[in-house]
Structures are given as structure tokens and as C-alpha cells.
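Only heavy atoms go into these numbers, but all of them, side chains included; no hydrogens, no water, no symmetry mates.
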Protein chains: 2
Amino acid sequence: MPRPTVNDIAREAGVSLATVDRVLNARPGVRAKTITAVNDAIQKLGYVRDQAAANLARGRDYRMAILLPDTESQFVQTLADALRDASTVAASTRVEVELHRFPAEDMHALSTLMRELADTDLAGIGLMAPETPITRDAIRAVRAKGIAVVTLASDLPNSERDHYVGIDAQAAGRTAGVLMGRFIGNQKAKVMVIANSMQLRDSIERRRGFDEVMLRSFPHISALQTLETHGSPGTLRQVLAEVLSHTPDIAGIYILGSGHRALATALSEFGMLGRVIVIGHELTAHTRKALELGHMDAVITQNLGHLARSALRVLRARADRQPIDESQETLRIEIVIRENLPPSFD
Amino acid sequence: MPRPTVNDIAREAGVSLATVDRVLNARPGVRAKTITAVNDAIQKLGYVRDQAAANLARGRDYRMAILLPDTESQFVQTLADALRDASTVAASTRVEVELHRFPAEDMHALSTLMRELADTDLAGIGLMAPETPITRDAIRAVRAKGIAVVTLASDLPNSERDHYVGIDAQAAGRTAGVLMGRFIGNQKAKVMVIANSMQLRDSIERRRGFDEVMLRSFPHISALQTLETHGSPGTLRQVLAEVLSHTPDIAGIYILGSGHRALATALSEFGMLGRVIVIGHELTAHTRKALELGHMDAVITQNLGHLARSALRVLRARADRQPIDESQETLRIEIVIRENLPPSFD
DNA sequence: GCATTTATGAGGTGCGTACCTCAAAAATTG
DNA sequence: CAATTTTTGAGGTACGCACCTCATAAATGC
């Protein structure tokens with residue numbers, strides 16, 4: 001026998017199609033008793049809604065906006081690419097995506113942008129932004145207008161966002177820490193910690209996770225203070241020179257942000273390339289290459305393709321007031337070394 | 001403007017809906033010139049066929065069969081669970097899945113089963129099986145009847161399967177090897193290699209990858225011959241006792257299959273628990289627990305939820321003669337340690 | 001028990017596509 | 001050029017579901 005349809009349920013439950021429809025779509029005006037009868041029939045027949053037909057009938061479009069900081073960072077670029085890819089696929093399920101960039105430091109600009117967007121017929125917003133009172137207020141405001149909000153890659157746990165799509169940054173930092181400790185081994189040593197900036201919440205949490213593991217499991221290794229380079233190769237080189245001259249027993253470098261283009265150059269200049277363990281976050285074109293060349297030993301990352309698809313699915317589910325499949329939407333903390341480098345699809 | 005529909009194409013091309021339909025569905029009775037005109041219009045408007053509506057109109061269902069060996073192995077159990085989960089979700093896209101088990105050693109039984117299934121109106125088969133001439137013939141036979149075939153978790157590269165869904169076992173073995181080498185460090189040492197059975201192709205390939213890395217990158221570590229335990233705790237204990245008494249400098253154990261329930265017990269009996277590096281494959285309830293307890297140091301795995309969903313998507317795409325999104329369907333070789341253990345959803 | 005509220009039924013329309021029929025137009029053949 | 005064949009158009013029905021309206025039945029309040 002073919003799949004049961006809404007008509008079969010109506011017949012089975014002894015009610016009309018309209019009532020079945022009211023139950024299925026949680027419309028008001030049905031007695032609890034009737035609802036139960038319908039659900040029993042659904043159960044009995046093993047009815048599963050044909051999602052495609054449902055969407056077709058709804059004729060509904062979903063406009064989603066993705067807001068990313070306007071930085072040159074490889075990570076944001078890669079994320080944007082992944083989101084663009086996911087968007088073209090999502091187009092076949094009536095999901096339209098607009099990518100917006102906002103000035104990375106200007107939360108007022110972000111706030112204004114969100115307010116403007118909220119007045120169009122938007123279904124949801126995906127957002128990667130620093131945690132400030134202004135951001136939180138902006139999120140509250142758009143949520144109040146019934147727009148779903150998910151945070152991407154860097155969470156804003158104290159905001160009213162619907163969902164966070166990304167990995168636990170602190171656990172990622174712990175993972176980096178364990179690998180650093182195990183790769184370095186039992187020698188007494190020091191580890192440098194480098195970051196482009198500590199603005200986004202995830203950098204702070206990674207550092208916290210990293211330290212936690214170092215203190216607990218590798219007391220013979222000490223992690224130095226975070227050095228911010230603000231993306232400048234000059235600063236990096238200078239900082240590196242200074243630390244290396246003062247501190248001879250540097251055995252590892254932990255990069256809080258995504259890879260550092262200039263790091264390999266600077267390291268080889270000081271004859272340290274391949275002699276220190278280098279571990280960082282986020283698989284991008286740069287870190288991929290660094291792994292291939294042996295300039296980095298491990299990268300802790302998340303699958304950005306998955307992140308992008310997941311974000312759009314979650315936004316859509318929230319817009320439809322439908323439940324989320326947690327097991328599908330949970331991102332894994334991935335450890336990437338040269339041997340398990342996933343293929344790139346460019 | 002909304003998505004273009006077939007009607008828009010008809011208007012744009014200056015032909016009727018019927019003609020557009022004939023072109024879209026490759027029905028005869030259209031001049032080459034007209035076909036071109038229609039295709040130009042499609043191009044110009046950027047039309048993308050709404051596959052959901054198309055399937056609805058076709059009234060098409062997809063019956064898929066998944067064939068797994070009838071072993072008690074934790075891995076197969078976990079895989080089966082993942083497939084069941086994926087199936088309930090897939091039901092909403094008109095995909096019905098039947099799970100079949102066949103006697104693990106009896107390829108004739110598998111072959112018979114496949115022939116029987118091929119005579120029902122099946123759209124595709126997902127299969128995990130050893131590589132034998134009988135398996136290959138059976139695959140050829142069902143493919144000849146227009147049924148799509150994908151291999152799951154363990155590939156049959158010399159068969160005519162449409163697609164393989166799973167990770168490259170040899171690369172997974174290399175990954176295990178590198179971790180083993182780096183975790184052990186610079187000491188001269190030996191590594192035991194244990195397997196339940198070497199029947200499935202992936203065990204052999206993992207071993208090959210492992211050895212490759214050991215020879216190339218860690219010449220001071222030697223990997224012993226593979227010891228088959230056939231799932232018996234007694235055999236394991238015995239084997240372990242023998243090797244440990246002969247060979248004092250065992251620094252690591254590499255488990256080719258998924259975890260070994262009895263390994264921790266046996267190791268602690270010999271006072272070796274926590275003193276050797278234990279690395280294995282496949283994240284299951286057992287290996288998860290072993291990681292949590294520190295009885296294993298790393299597990300190389302693939303996301304079985306992803307694998308299951310991917311398998312069904314690929315089968316469906318083949319049935320529709322539609323292209324596959326490689327980047328979405330490629331599984332990653334995942335390294336799992338205690339710190340990045342994904343949550344379990346049971 | 002009557003007025004009022006609430007639940008339910010009957011029936012229709014449309015989403016984008018597939019597939020069918022029949023008639024008419026256009027191209028091809030002898 | 002007539003006869004034939006091929007191509008095209010017009011229109012309809014169906015798929016499974018969402019959503020709408022209006023009428024009627026049932027439950028509830030007083």
C-alpha cells in the first residue's frame with residue numbers, strides 16, 4: 001500500500017480533512033479529545049508528512065540574512081564562501097540568503113543594519129559578532145519582531161539568540177592544549193600564544209580551555225601571555241624575535257586565531273621552522289597549506305560547510321516553529337593533521 | 001522577482017507549456033531548433049527545476065535497501081542505529097528504507113538476497129560487505145537492472161558500485177600511525193596490532209596505512225604482526241600475555257577494528273593500563289567510554305550520522321539521475337580524544 | 001432551555017511539475 | 001499541390017498538502 005496521506009488520516013480518525021489539517025498545523029479550534037484521535041490515527045497509519053508537498057503548498061519563501069564582520073581574515077572569507085555555497089543549494093528549498101558585512105569594530109553600524117533588516121520581511125538572521133551590550137540589544141530587538149537569530153562560529157550566550165551554530169570554543173582550546181602537551185612530550189618547555197585580536201569571544205574561551213589543560217595535565221609546560229599581532233606581519237616578526245631571544249626553551253606556538261601567513265617565514269628566519277610544534281585553529285587555505293608543508297602540526301577546526309548548511313536549516317526550522325534535529329546540527333571539534341586533511345573543493 | 005517556473009520559460013521561448021515539458025523531460029517530437037530555443041530561455045531565466053514538485057507530480061517513491069553483515073560488532077550496531085535514524089527523517093522526502101542483515105560469511109546468501117530485492121521495485125541498495133567475486137557479480141547484476149548501489153564504510157573499489165560513502169581506510173590508518181608515533185615520542189619501542197578479523201577490506205587498508213607511516217616517519221618504532229582475536233576475550237588475554245612476556249618494550253597498541261571491550265581489563269591485569277598508548281577506530285559506545293576513562297588515547301572515526309544521511313542522499317540522487325554535491329558527501333577522517341568527544345544522543 | 005460560543009465539516013483554490021489527449025499548424029514527402 | 005507526417009498548442013487532471021470561507025453541529029454558559 002502507498003504512503004498514507006492526510007485523507008487517510010481523516011478517514012481513520014473519523015473526522016474531516018479540515019480538522020486533520022488544523023491538528024497537523026497546530027491551528028486553534030480543536031478539542032483536546034479530537035486532537036488525540038487524530039494523533040492516534042497518525043500513529044496507527046504511520047503517517048509522515050511529505051515535506052516537499054507541504055512546502056510547495058505553503059508557497060512560502062524564507063529570506064535569511066547573514067551578517068559577518070568586514071575583516072580580511074581568512075576564516076571569515078572561508079566562512080562566507082561556505083555560506084554562499086550553502087545558499088545556492090538552499091535556493092531549491094525556497095531559502096534566499098543575503099550576505100551582509102559590517103565594520104568589525106562598529107557595533108552601532110551592526111545595530112542599525114539589523115534594525116533596517118528587521119523592517120523587511122526577513123525570516124532569520126545569522127550573525128557572527130563580538131559580545132557587547134549593543135549587540136545584545138540589537139538581537140533582542142529583532143527577536144521581538146519575530147525574526148529568528150542564530151550566532152555563527154562565535155557565540156553570544158548571554159543574548160537572546162535562538163541557537164548557536166558552531167563548536168564549543170573552550171573545548172576546542174582544551175583539545176589544542178592536549179595535542180600541544182602530547183606532541184611536546186615530557187621536556188620542560190614554554191609555549192607562545194599568538195592571536196590576531198582578542199575581540200571575539202571565541203579567542204578568549206580557547207585560551208581559557210588551553211590554559212586549563214596545560215595547568216592540569218602538563219604542568220611542566222608553561223604557556224606565555226597572549227601576544228596580539230593585529231594581523232600585522234611586522235608586529236609578528238618583532239614579537240617573535242623578542243620572545244625567542246629572551247626565552248630559549250620555546251617548544252610550541254599556539255595560534256588562537258586562524259593561521260598566520262607570516263609565521264612560517266618568521267620562524268624559518270630564526271631557524272625554528274619544524275623545531276617547534278605549531279598548533280592553531282580553523283582550516284582555511286592558509287592553514288591547509290601550512291599543514292601540507294609541515295609548517296603546522298595540527299589545526300583544530302569545525303566543518304564550515306556543515307556549519308553553513310546547519311545555520312540555514314536551523315533558521316528555517318525556527319521560522320517554521322519546527323523542532324531541530326540536535327544530532328544533525330551539532331558540530332564536531334575536528335582535529336586536522338596532514339594525514340587526515342580533507343580534500344578541498346575549489 | 002520569484003523563481004522562474006515552466007510557464008515563464010514557455011513565455012520567454014515563445015512556445016507552449018507542452019513543448020517546454022517535452023524538452024525538459026526529453027520526450028520526442030520536438031525539432032532541434034525548438035529545443036535550443038527552450039534551453040536558451042532556461043539559461044536566460046536561470047530556471048532550476050523544483051525537484052520536490054516534480055517528484056510530487058510523478059508520484060514517485062524511493063525504496064532503498066540497506067544490507068549489513070549480521071555481526072554483533074559494536075560498529076555495525078552503531079551504523080545500523082544511525083541508518084535507522086536517518087531513515088525516519090528521510091521518510092518525509094518519500095524515501096523508505098529497509099534494513100536487511102545477511103550472514104557475515106555467506107556471500108551466497110547475500111547474493112540471493114540482492115537478486116530477490118532486485119525484482120521488487122527498488123531504487124537503490126546500500127551495502128557493507130567483504131570483497132569477493134560473488135559480491136562483485138551480485139552488484140553487477142542489480143546495477144544492470146537500474147538499481148543504484150553504494151558501498152558503506154568499507155569500499156569495494158573493483159566492483160561496479162556507483163559510489164562509496166565512507167572514509168579512505170588507508171588514510172585513516174596513516175592518521176592512526178602518526179598519532180601513535182607522536183604520542184609515543186622518541187623512545188625506541190614496539191607497537192602491538194590487534195584485530196577482530198581481517199575480513200573486511202578496510203582492516204587491511206588501515207594496517208597498510210599504519211605501516212606506511214611507521215616506516216617512513218617513525219623508524220624507531222616497530223609494529224608487530226597483526227593478532228586476530230575473533231572477538232574472543234579469552235584469545236585476547238592469552239595473546240596479550242604472551243606478547244607482553246616476550247616483549248617488554250611495548251609502548252602502544254593499535255586496534256584495527258573498533259574497540260575491544262576486554263582490552264582494558266586485560267591490560268590492567270598486567271599493570272599496563274595507562275602505560276601504553278591505545279589507539280583504535282570507530283567511535284562506538286565502547287570506544288567512547290574507553291576515551292572517557294582514559295583507557296584509549298585516540299579514536300580515528302567517521303561521523304556515522306553523516307554517513308547514513310549521505311548514503312541515502314546519494315542513492316536518491318542516483319535514482320533521480322542528479323549530480324552529487326561532493327563537498328557535502330565527503331566524509332572526514334575524524335580524530336577523537338577525550339577533549340573533543342562529541343556528545344552522544346541516546 | 002435558549003442564546004452564545006466553540007468545534008467541526010464540506011468544499012474550494014493553488015503551489016510547480018508530470019503526463020495525457022486532441023486538434024491544429026507546420027514541415028516534409030511524392 | 002495534395003497527402004502524409006511531424007511538430008506544436010491548448011487544455012485538463014493529478015500529486016499531497018496548506019489555507020481559506022461558510023455553513024452546521026456540538027458543547028457551554030446562564
Could you please name the option among dC17(D), dA14(D), dT8(D) that lies closest to any side-chain atom of A57(B)?
dA14(D)
With the side chain defined as heavy atoms from C-beta on, T34(A) is closest, among dG16(C), dG16(D), dA7(C), to dA7(C)
Can you find a side-chain donor-acceptor pair between R63(A) and T120(A) that sits under 3.5 Å?
yes
Nucleotide dT17(C), atom C1' - distance to CZ of R22(B) in whole Å:
15 Å
Around R332(B), counting heavy atoms of other residues, nucleotides and ligands shown, do more than 12 lie under 6.0 Å from its CZ?
yes
From dA18(C), dG9(D), dC17(D), pick the nucleotide closest to the side chain of R49(A)?
dC17(D)
Using heavy atoms to find the nearest nucleotide of DNA chain D for G59(B) and V15(B) separately, return the residue whose nucleotide is more 5′.
V15(B)
Can you tell me if R3(A) touches the phosphate of dG16(D), counting only side-chain N or O atoms and a distance under 4.0 Å to OP1 or OP2?
no
Whole Å only: how far is the CG atom of L17(A) from the P atom of dC19(D)?
13 Å
For R60(B), report the nucleic acid contact type (base, sugar-phosphate, nothing); a contact means any heavy atom under 4.0 Å.
nothing
Would you say the side-chain atoms of Q51(B) and Q322(B) include a donor-acceptor pair closer than 3.5 Å?
yes
Whole angstrom is fine here: how far is it from CZ in R58(A) over to C1' in dC19(D)?
10 Å
Nucleotide nearest R31(A) when distance is taken to its side chain, options dA7(C), dC17(D), dT21(D):
dA7(C)
Please report, rounded to the nearest Å, how far the P atom of dG11(D) is from the CG atom of D21(B).
16 Å
Check whether any side-chain nitrogen or oxygen of T19(A) sits under 4.0 Å from OP1 or OP2 of dG9(C), and answer yes or no.
yes
Please tell me which of the listed nucleotides, dA7(C), dA10(D), dT17(C), lies nearest to the side chain of A18(B)?
dA10(D)
Rounded off to whole Å, could you give me the CD1-to-C1' distance for the I9(B) and dG16(C) pair?
11 Å
For the pair made of CZ in R27(A) and P in dG9(C), what is the distance, rounded to whole Å?
15 Å
Separation of L56(A) atom CG from dG16(D) atom C1', in whole Å?
9 Å
Testing dG16(D), dC19(D), dG16(C) for proximity to the side chain of R94(B), the answer is dG16(D)
Nearest-Å distance for atom pair OH/C1', residues Y47(B) and dT17(C)
7 Å
Does a side chain donor of either R309(A) or N303(A) reach within less than 3.5 Å of an acceptor in the other side chain?
no
For residues E329(A) and S310(A), is any side-chain donor paired with an opposing acceptor at under 3.5 Å?
yes
